[in-house]
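In what follows, a structure is listed as structure tokens, so that the remarks can point back to it.
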There are 2 protein chains.
Amino acid sequence: MKRNAKAVVSRKRILDAAACIFRDFGYAGTTMRAIAKEANLEAGSIYYYFGTKDDLISAILDSAMLELIESVRQSVEALPSSASNRDRIQVAITAHLTTIIKIGDYTLATRRVVGQVPDTIRIRNKVLREQYASLWQNILNHGRESHEFRTNANLAMARLYILGALNWTVEWYKPKGQPLDDIARDLASIVLDGLVGSQHPESVNAPVS
Amino acid sequence: MKRNAKAVVSRKRILDAAACIFRDFGYAGTTMRAIAKEANLEAGSIYYYFGTKDDLISAILDSAMLELIESVRQSVEALPSSASNRDRIQVAITAHLTTIIKIGDYTLATRRVVGQVPDTIRIRNKVLREQYASLWQNILNHGRESHEFRTNANLAMARLYILGALNWTVEWYKPKGQPLDDIARDLASIVLDGLVGSQHPESVNAPVS
DNA sequence: GTCTATAGGGAGATAGAC
DNA sequence: GTCTATCTCCCTATAGAC
């Protein structure tokens, strides 16, 4: 059924609509009728593409995570081997931010429903989440081994801290505000140098408007 | 009706149970029957204390925010006037963490449903959220004015960044793990000094276990 | 592929007994 | 204060027409 172009388009339209509705109404609050209305068809038609409501949310959770993993991995691997760990963190932060904003409906839907879906769905998605966590942990550990970071920083906590802060951006980011690259640079600056630390020449930033 | 001790106790028991259920099932996924079961009474009885399901979630959102505001405000005001801004941030972080963990069910319920409740409820709660944001902004701005922080740090973003990171802790904190004070100190260390910055003598921390 | 109609279950809220 | 019984509404998922 996926060979048909019409079917592929409809499937994607339904998935996008579902992300939008799950984002606003949560797992239980989302109805097939609401998704159908957003996607401009009738509720019964959704079942041609997705067997159950759970299949829909599962596809949303997994695709968001896969996109994030690929984006950050590729951005970091694309760096020259001469790149500093400061560069690696900066690039990873930018890739993470850019992606979660780009697929904002999926990111927000994930944030808001991942704690409410049936266990089977959450456990399957957890594998991907752990993959992503270890991708970041490798980046941070690399920085310690190369002695670019202070050796007593708690890097497992630093990872939780950084990702928690980055993921929160989808809640307040406004497309009309500061450009995304500026935000990424400012966040990287605070992560790397802190509020007190001396200013690194590469991360000078403009005052907030 | 609140004069009766029995009523006060039941009311609190229902509220605690509701926070627990809202946390696990979201706004729409929470049923009055599930709350009643958790609170050891029947669904109809809840309506003696709360007119509607919306009254329940509204009480949870507001009480969580009020407790957080009071806790951080009191902790910071209790500092001697000689306290450094490093101390103020450290104390605020500790108060925030301690409170959101202490009322963990309410915090998690808030995190997970605040994007799904009817607009009227969210807007009323927003006033409190903004109060809390400006409390933190004052703490940060004070640090800049006293020249303890580097002057080009983007403090509005720093606030969003810090609170995003701190709030994420409720998702991964385990009571049996590292003591809360250690976590608060490590987070404060990363916020203030960054990953690269030189180590401040007051924030030496143990390696993660 | 997409529709309409509907079966079967469960929700919030109310009424009145105790 | 708390219970049971129930009204009314809306949900997921299916069946079969087109």
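Note on naming: letters A, B, ... go to the chains in the order of the sequence lines (proteins, then strands), and numbering restarts at 1 for each one. Keep in mind that this is a model prediction, so the values were computed, not measured.
- Applying the side chain to side chain donor-acceptor pair (under 3.5 Å) test to D24(B) and every residue at least two apart in sequence or in another chain returns nothing.
- Note: CG (L56(A)) to P (dT12(D)) measures 11 Å, nearest angstrom.
- Look at OH on Y49(A): it is 8 Å from C1' on dT2(C), rounded to the nearest Å.
- Judged by distance alone, the side chains of D55(A) and S58(A) never bring a donor and an acceptor atom under 3.5 Å apart.
- E67(B) pairs by the side chain to side chain contact (heavy atoms under 4.5 Å, CB included) definition with T99(B), K102(B), I103(B), not counting sequence neighbours.
- Residue D55(B) contributes atom CG, which lies 15 Å from atom C1' of dT14(C) at whole-angstrom precision.
- Scanning for side chain to side chain contact (heavy atoms under 4.5 Å, CB included) contacts around L79(A) gives A83(A), R88(A), V91(A), with sequence neighbours left out.
- Rounded to whole angstrom, the span from the OH atom of Y47(B) across to the C1' atom of dT4(D) amounts to 15 Å.
- Using a cut-off of 4.0 Å between Lys/Arg side-chain N and Asp/Glu carboxylate O, D181(A) and R185(A) are scored as not salt-bridged.
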Pairs under 3.5 angstrom only: tabulate donor-acceptor contacts from the side chains of residues 160-170 of chain A to other protein residues two or more places apart or in another chain.
{"from": "N167(A)", "atom 1": "OD1", "to": "H96(A)", "atom 2": "NE2", "distance (Å)": "2.8"}
{"from": "N167(A)", "atom 1": "ND2", "to": "L163(A)", "atom 2": "O", "distance (Å)": "3.1"}
{"from": "T169(A)", "atom 1": "OG1", "to": "L166(A)", "atom 2": "O", "distance (Å)": "2.4"}

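- In this structure, T31(B) reaches the sugar-phosphate backbone alone: every heavy-atom distance under 4.0 Å involves primed, P, OP1 or OP2 atoms, never a base.
- Under the salt bridge (charged side-chain N to carboxylate O under 4.0 Å, His left out) criterion, the residue pairs touching residues 158-174 of chain B are R111(B)-E171(B), R112(B)-E171(B), with sequence neighbours excluded.
- Closest to the Y48(B) side chain, of the nucleotides dG1(C), dT6(D), dG1(D), is dG1(D).
- Using a 4.0 Å cutoff on non-hydrogen atoms, the parts of residues 35-43 of chain B near DNA chain D are L41(B), E42(B), ordered by number.
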Contacts under 3.5 Å, N or O only, protein and nucleotides 15-18 of chain D:
none

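- Atom pair M32(A):CE and dT4(C):P shows a separation of 16 Å (rounding to whole Å applied).
- Under the side chain to side chain contact (heavy atoms under 4.5 Å, CB included) criterion, R13(A) pairs with S10(A), A39(A), L41(A), not counting sequence neighbours.
- Applying the ring-ring contact (aromatic ring centres under 6.0 Å, His included) test to residues at least two apart or on different chains, none of the pairs has a partner in residues 53-74 of chain B.
- Here ring-ring contact (aromatic ring centres under 6.0 Å, His included) pairs that include residues 55-78 of chain B, with residues two or more places apart or in two chains, number zero.
- Each of dT2(C), dT2(D), dG12(C) was ranked by its minimum atom distance to the side chain of S45(B); first place goes to dT2(D).
- A search for ring pair (Phe, Tyr, Trp, His ring centres under 6.0 Å) contacts involving Y106(B) returns nothing, not counting sequence neighbours.
- R33(B) places its CZ atom 17 Å from the P atom of dC11(D), with the value rounded to the nearest Å.
- Near DNA chain C, meaning a heavy atom under 4.0 Å from it, residues 109-118 of chain B has no residue at all.
- For the pair I14(A) CD1 and dC3(C) C1', the computed distance is 13 Å after rounding to whole Å.
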